[in-house]
Amino acid sequence: MARNQYLTIPRVIGHRGAAGRAPENSLAGFRRAAALGCRWVEFDVRLSSDGHPIVFHDKTLERMTGQTGEVSAMPLSALLKCKVAGAPIPTLEGALAELGALGLGANVEMKAEAGDEAALAASVAAAIARGPPLPLLVSSFSLPALAALFRVAPELPRGVLTERLMTNWRDAPQRVGAAALVCNHQTLHRSAVRAVQAADFLLATYTVNDPDRARELFAWGVDSVISDVPDAIMAQRSG
Ligand code: G3P
Ligand code: MG
């Protein structure tokens, strides 16, 4: 799959909206990211126990809502009663509608639990199909989820998330027809960036909050950085 054949991603993507500037994975955070000048935001999607995709990072509710329990064990009706910074947890459908209204693109990260990969991919594909037309990339650490997405919606651009690029890094994107790799910047080296470029994959990195590090990554040829403080990264780029 050729680099940039059908996918372009912006140089700076807001992480979980703009998590350093507003509550993570919230509609308010998406609005803040747009106000800061972001073109895209990354956010996390999990399945409720009754199969509805919601925008939430953690496996459990505690950190963000103060409630107890696992997201995957609770139905949508109960999750919608949980508040993040005073607002209900967004549904994927609501998030996509908000992004459409804001004119933002989306890096939708699928947070799969063992056994729910196919259902998660199907629900994400269905929500995207029903939602406004947006530029987007669907990423995941879960190869089964990405493979399931490839089966049900091969037209959706996919990105393989990884903590580290191993020597066999090509295998995963080839298996799931992904055009992009999204790697933890802390494990990334210049030689790996060159190899990914030479193989015609897009390369994004997370989570880059230091403008100097972002400058270095761009100099190496990284296509995109995902940042909690996208305004700080964009400011150094134009400075
Ligand atoms: O998608 C990049 C990044 O969000 C992956 O890590 O834990 O912040 O979802 P995490
Ligand atoms: Mg994420």
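Whatever order the structure lists them in is the order used to number ligands and atoms, beginning at 1. What you are looking at is a predicted structure, and each value in this text was computed from that prediction instead of being measured.
- Side-chain contact check for Glu117 versus Met110: every heavy-atom pair is 4.5 Å or farther apart.
- Ligand 1 is surrounded by His15, Arg16, Glu42, Asp44, His57, Glu109, Lys111, Phe141, Leu161, Tyr206, each with at least one heavy atom closer than 4.0 Å.
- Within the 4.5 Å cutoff, the side chain of Leu217 has heavy atoms near those of the His185 side chain.
- Using a 4.5 Å heavy-atom cutoff, the side chains of Tyr206 and Asn184 are in contact.
- Residues Trp169 and Leu181 form a side-chain contact, since some pair of their non-hydrogen atoms from C-beta on lies under 4.5 Å apart.
- Donor-acceptor pairing under 3.5 Å is recorded for the side chains of Glu62 and Thr60.
- Looking at Glu42 and the Mg ion (ligand 2) together, the shortest N, O or S contact belongs to OE2.
- With values rounded to the nearest 0.5 angstrom, Arg21 atom CZ is found 7.0 Å from Leu36 atom CG.
- Nearest to the Mg ion (ligand 2), among the N, O or S atoms that Asp44 has, is OD1.
- The N, O or S atom of Glu109 with the smallest distance to the Mg ion (ligand 2) is OE1.
- The aromatic rings of Phe30 and Phe43 lie tilted to each other, with the angle between the two planes from 30° to 60°.
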